[in-house]
Amino acid sequence: MANSKLDDDFRARSRAKLMAEEARRRGNPSEWFDDFYRHAGGNRATIPWAHGVVNPNLAAWLEENPRPGGGRKALVVGCGLGDDAEEFARMGFEVTAFDIAPAAIDWCQTRFPETKVHYAVADVFQPPKEWRGQFDFVYEAYTLQALPPEYRDMAMKAIAALLRRGGELLVICRACEPLEERPEMPWPLTIDELLLFEQCGLRPESFEDFIDETREAPVRRFRILYRA
């Protein structure tokens, strides 16, 4: 049974990588997500990044750095199937969560029919103008690493612009050295790439370079908190 699950996960990840590369060649790096979710047919096991629980790297951070919501506004970037968004709502935030894939948003609303989260279909490259400067806390995990490096600047600038003055941005992503090869999705980020957030006027409050042991194979990650 365990080997079968690993085989299914490998096939799903291989398919995601192939679809991401095809979308990259067509010049539309996020178009593949909706097809991927629809192909899953409601079977969460075929979505490699959807585990039905809060991201453990977010949960660990919140345990050490609690953020009571108190009605403040939070935004979840690339929300997937909604577990992280629901956690922020449980903490008392007024939560907006978006994904480029309508199928993912439909899935969230099916999973959480009584949700307090406002789920929306939106593009990280061009989020709604009315969101600009509106959020006290923005959370981005694993979306940037799913975008080819040549498209990241646009997404990072758009994300930074969503924070109100004094707001916080938490970024969790795969990490690598500047000269390290990145042949396929997920494409890890370098420290140099992440400097763009500082160029957008954000200042780093904390920085972690750590090995994520929660997966079958250890993964190097960055976890950074910025403040506007």
Side-chain angles (χ1 to χ4, degrees), residues 1-20 33 36-37 40 43-67 74 76-91 97 99 104 108 111 137-149 152 155-156 159 168-195 197 204-226:
M1 180 66 72
N3 286 339
S4 176
K5 185 179 184 303
L6 288 174
D7 289 344
D8 289 345
D9 185 71
F10 177 79
R11 283 192 291 269
R13 290 183 183 279
S14 297
R15 184 169 182 272
K17 291 174 181 179
L18 178 62
M19 293 176 71
F33 287 103
F36 194 83
Y37 280 105
N43 181 4
R44 193 179 68 221
T46 64
I47 307 294
W49 51 86
H51 302 293
V53 295
V54 178
N55 182 332
N57 293 308
L58 170 63
W61 188 87
L62 289 172
E63 185 174 354
E64 295 292 326
N65 305 274
R67 289 297 191 273
V76 177
V77 178
C79 65
L81 298 189
D83 295 285
D84 295 345
E86 295 296 322
E87 178 66 8
F88 281 108
R90 187 193 65 77
M91 294 163 55
D99 203 284
C108 289
R111 290 187 71 205
F137 196 96
V138 175
Y139 168 64
E140 146 45 20
Y142 308 169
T143 301
L144 291 173
Q145 69 186 37
L147 300 174
R152 287 181 180 154
M156 293 169 71
I159 290 170
E168 296 174 305
L169 166 66
L170 179 65
V171 175
I172 306 175
C173 62
R174 286 188 179 234
C176 70
E177 294 300 312
L179 298 181
E180 191 173 330
E181 291 188 5
R182 297 177 287 182
E184 59 186 12
M185 192 280 298
W187 294 279
L189 282 82
T190 69
I191 293 176
D192 290 345
E193 286 176 300
L194 288 163
L195 286 174
F197 281 127
E205 297 262 304
S206 65
F207 174 83
E208 298 169 82
D209 182 345
F210 68 102
I211 301 300
D212 180 359
E213 302 280 2
T214 65
R215 298 170 46 80
E216 293 83 4
V219 175
R220 182 186 177 192
R221 298 197 191 278
F222 294 141
R223 184 166 49 199
I224 312 173
L225 180 70
Y226 297 93

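Along the sequence shown, residues carry numbers from 1. Since the structure is predicted, the reported quantities are computational estimates derived from the model, not experimental observations.
Checked for salt-bridge contact, Asp209 and Arg220 meet the test: a charged N lies under 4.0 Å from a carboxylate O.
A donor-acceptor contact closer than 3.5 angstrom links the side chains of Asp212 and Thr214.
Shown are Val77, Ile172, Val76; of these, the side chain to side chain contact (heavy atoms under 4.5 Å, CB included) with Glu140 is made only by Val77.
Judged by distance alone, the side chain of Glu180 and the main-chain N or O of Glu177 form a donor-acceptor pair under 3.5 Å. For Asp99 (side chain) and Gly80 (main-chain N/O), a donor-acceptor pair under 3.5 Å exists by modelled atom type. Looking only at distances, no side-chain donor or acceptor of Asp84 sits under 3.5 Å from a matching main-chain atom of Leu58. Between the side chain of Arg152 and the backbone N or O of Leu144, at least one donor-acceptor pair lies under 3.5 Å. In this structure a side-chain-to-backbone donor-acceptor pair under 3.5 Å is present from Arg182 to Pro188. With hydrogens and angles disregarded, no donor-acceptor distance shorter than 3.5 Å links the side chain of Arg174 to the backbone of Tyr142. Using modelled atom types, no side-chain atom of Glu86 and backbone atom of Asp83 make a donor-acceptor pair closer than 3.5 Å.
Considering every non-hydrogen atom in both Trp187 and Ala146, the closest pair reads CZ3-O, 3.5 Å. The shortest heavy-atom contact between Ile211 and Pro218 is CG2-CB, 3.6 Å.
Contact of the Leu194 side chain with the Cys173 side chain is registered, since non-hydrogen atoms from C-beta on lie closer than 4.5 Å. Counting heavy atoms from C-beta outward, Tyr226 and Glu168 have side chains that stay 4.5 Å or more apart. Residues Met19 and Met185 have side chains not in contact (no heavy-atom distance under 4.5 Å, counting atoms from C-beta outward). Contact annotation: the side chain of Leu62 approaches that of Met91 to within less than 4.5 Å [non-hydrogen atoms, C-beta and beyond]. The side-chain heavy atoms of Leu189 and Gln145, taken from C-beta on, include a pair separated by under 4.5 Å. For the pair Leu170/Trp61, a side-chain contact is recorded, criterion being any heavy-atom separation below 4.5 Å from C-beta on.
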- Item | side chain to side chain contact (heavy atoms under 4.5 Å, CB included) assessment of Thr46 paired with Tyr37 | CA-CA 9 Å; Thr46 64; Tyr37 280 105; over 6 Å; no
- Carefully, step by step, assess Thr190 and Glu193 under the rule side chain to side chain contact (heavy atoms under 4.5 Å, CB included). CA-CA 5 Å; Thr190 69; Glu193 286 176 300; 3.4 Å; yes
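Aromatic ring centres of Phe137 and Phe88: separated by under 6.0 Å.
Between Trp49 and Phe33, the two ring planes are perpendicular [angle over 60°; tilted spans 30° to 60°].
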